[in-house]
Structures are given as structure tokens and as C-alpha cells.
Amino acid sequence: MAAAPLGGAAGSLLQFLRLVGQLKRVPRTGWVYRNVEKPESVSDHMYRMAVMALVTEDKQLNKDRCVRLALVHDMAECIVGDIAPADNISKEEKHQREEAAMKHLTQLLSEDLRKEIYELWEEYEHQSTAEARFVKELDQCEMILQASEYEELEKMPGRLQDFYDSTSGKFNHPEVVQLVSSINMERNAKIAATTSEPPS
Ligand SMILES: Nc1nc2c(ncn2[C@H]2C[C@H](O)[C@@H](COP(=O)(O)O)O2)c(=O)[nH]1
Ligand SMILES: [Mn+2]
């Protein structure tokens with residue numbers, strides 16, 4: 001006999017965690033559209049962003065807040081999916097869908113947690129703090145790092161160039177600039193090695 005769904009706070013928390021768990025099964029649309037084999041999930045992406053925030057040396061940033069922002073920033077995608085620029089959905093429409101999803105998700109939590117998580121999402125969405133702006137840079141840096149790893153896995157250097165073109169010039173934080181420079185140096189060496197190989 002199926003167990004009756006839990007009522008009250010325990011049931012709501014379980015429902016919240018089940019919804020968030022769906023992020024493990026939401027593939028990142030940007031890779032799907034480029035036919036990447038076994039594209040990462042949204043939670044994969046957020047996990048490495050949280051680690052990137054965890055290892056920042058910038059003492060002017062509230063590191064704990066950065067980790068929390070990374071873990072929450074795409075949480076709405078467990079309900080609305082991963083909306084990519086190629087979907088041509090307006091910023092307003094995307095914001096409305098994600099706002100409604102975050103309200104639904106956080107309504108399942110206690111008042112304190114509801115406020116904490118919703119405010120983290122709003123902070124990132126509105127880019128209203130240095131921490132939120134830093135995490136946005138991590139978002140885009142993590143994406144181009146992942147793109148370089150897919151190019152390596154598929155042995156197709158340069159295939160995902162548009163991810164680099166669209167993020168070019170968007171990095172300002174010194175640690176992120178350094179990381180992006182390292183990613184580009186390694187990637188460009190691989191591209192050069194391929195183009196200089198004698199035809200087989
Ligand atoms: N082809 C591109 N896809 C992009 C670009 N920027 C983001 N994306 C993809 C990556 C995700 O699947 C999705 C949204 O990413 P968020 O982390 O912002 O939710 O869109 C791009 O420049 N080119
Ligand atoms: Mn993201």
C-alpha cells in the first residue's frame with residue numbers, strides 16, 4: 001500500500017527537496033542545442049560554481065554569501081527549465097516565469113527560510129551586490145570552462161567558439177580574469193596544435 005504523502009512542514013520540505021532534485025535531471029540547454037553528448041545538468045553547473053566561490057581569495061567579498069548565491073541562482077530552473085538565449089524568450093518573460101517558480105518553491109519552506117532563499121535569488125537576479133556580480137562572472141566562467149572540456153572530450157577544438165565570443169569582455173574580477181586567461185591559453189594551444197598538424 002503506497003504511503004500517504006506527509007502533511008505539514010515535513011511534507012512541504014520533502015516536496016521542496018524533490019523539486020530541487022529535478023535540477024539533477026535538467027540538462028543545460030546551451031549544450032543540448034549544440035548536440036553535446038551527455039550534457040551536464042543545471043545542478044552540475046551550480047555545484048562547480050559553488051566550489052569556485054568557495055575557493056575565492058578575495059577577502060572583500062562575503063564568501064559564504066557567494067556560495068549561497070551560486071547554489072540558488074538557477075534554482076527556479078527545476079520548474080521553468082533552462083532558458084537559453086537561443087530560446088528568444090524576453091528578459092521580462094524569463095524573469096516572470098522564474099519569479100513565480102521561486103515563489104512556489106519558497107512557499108514550501110518556513111518563513112525564515114522562505115525569506116532567506118527568495119532574497120538570495122532576488123539579489124542575484126538584480127545583480128544588486130558585489131557578491132552577486134562576482135557570482136555572475138563565475139556563471140559565465142564556469143560555462144566557458146565546461147565548453148573547453150567538451151571540446152577536449154569530443155576532440156574538436158574550437159567547436160564551441162560562440163560561448164567564448166558571447167562572454168568576451170564580460171569579466172572584470174581579477175581572479176576570474178586570471179582564470180579565463182588560463183582557460184583561453186590552454187584552449188588556444190589545443191586549437192593551434194590541431195591546425196598545425198600535417199594532414200593525415
Ligand atoms: N550558445 C550559448 N548558450 C548560452 C550562452 N550563455 C548562456 N547560454 C546557455 C547556457 C545555459 O544552458 C543557458 C542559461 O544559462 P544560465 O546559467 O544563465 O541559466 O543558456 C551563450 O552565450 N551561448
Ligand atoms: Mn547559471
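Given the structure is predicted, the values throughout are model-derived calculations rather than measurements. Residue numbers run from 1 in the order of the sequence given. Whatever order the structure lists them in is the order used to number ligands and atoms, beginning at 1. Both backbone and side-chain heavy atoms feed into the values below; hydrogens, waters and symmetry mates do not.
- For the ligand labelled ligand 1, residue Ile83 lies inside the 4.0 Å heavy-atom shell.
- Sorted by first and then second residue, the pairs that involve residues 75-85 and meet side chain to side chain donor-acceptor pair (under 3.5 Å), not counting sequence neighbours, are Thr29-Asp82.
- Taking a 6.0 Å sphere around CD of Glu186, one finds it holds 12 or fewer heavy atoms contributed by other residues, nucleotides or ligands.
- Of the protein's non-hydrogen atoms, the one nearest atom 18 (O) of ligand 1 is Asp139 OD2, 3.7 Å.
- Between Glu116 and Arg68, at least one side-chain N (NZ, or NE/NH1/NH2) sits under 4.0 Å from a carboxylate O, which counts as a salt bridge.
- Salt bridge Glu137/Lys170: absent, no basic N to carboxylate O contact under 4.0 Å.
- For atom 4 (C) of ligand 1, the nearest non-hydrogen atom from the set Pro27, Ala147, Pro85 comes from Pro85.
- Using cut-offs of 30° and 60° on the angle between ring planes, the pair His95 and Trp121 is parallel.
- When hydrogens are left out, the protein atom nearest atom 12 (O) of ligand 1 is Asp82 OD2, 2.5 Å; that is the closest non-hydrogen contact.
- Less than 4.0 angstrom separates some heavy atom of His45 from each of these atoms of ligand 1: 17 (O).
- The closest heavy-atom contact to atom 21 (C) of ligand 1, among the options Gly30, Ser168, Ser166, Gly81, comes from Ser166.
- Using cut-offs of 30° and 60° on the angle between ring planes, the pair His173 and Phe134 is tilted.
- Tally of protein N, O or S atoms closer to the Mn ion (ligand 2) than 2.8 Å: 4.
- Heavy-atom contacts of Asp162 reach the following atoms of ligand 1: 1 (N), 2 (C), 23 (N) (cutoff under 4.0 Å).
- Each of Leu120, Val135, Thr129 was compared with Arg65 under the side-chain contact (heavy atoms from CB on, under 4.5 Å) criterion, and only Leu120 meets it.
- When hydrogens are left out, the protein atom nearest atom 3 (N) of ligand 1 is Phe163 CE2, 3.3 Å; that is the closest non-hydrogen contact.
- Judged by distance alone, the side chains of Arg28 and Gln146 never bring a donor and an acceptor atom under 3.5 Å apart.
- Note that the CG atom of Leu138 and the CE atom of Met46 stand 13.5 Å from one another [nearest 0.5 Å].
- Of the candidates Lys170, Met143, Met49, Met143 brings a heavy atom nearest to atom 7 (C) of ligand 1.
- The backbone N or O of Ser128 lies less than 3.5 Å from no partner atom in the side chain of Glu123, so there is not a single donor-acceptor pair.
- In terms of protein heavy atoms, atom 16 (P) of ligand 1 is closest to Arg28 NH1, 3.6 Å.
- Among all protein heavy atoms, the one lying closest to atom 19 (O) of ligand 1 is Glu77 OE2, 2.9 Å.
- Because its NZ or CZ atom is both nearer than 6.0 Å to the ring centre of Tyr164 and within 45° of the ring axis, Arg187 counts as a cation-pi partner of that residue.
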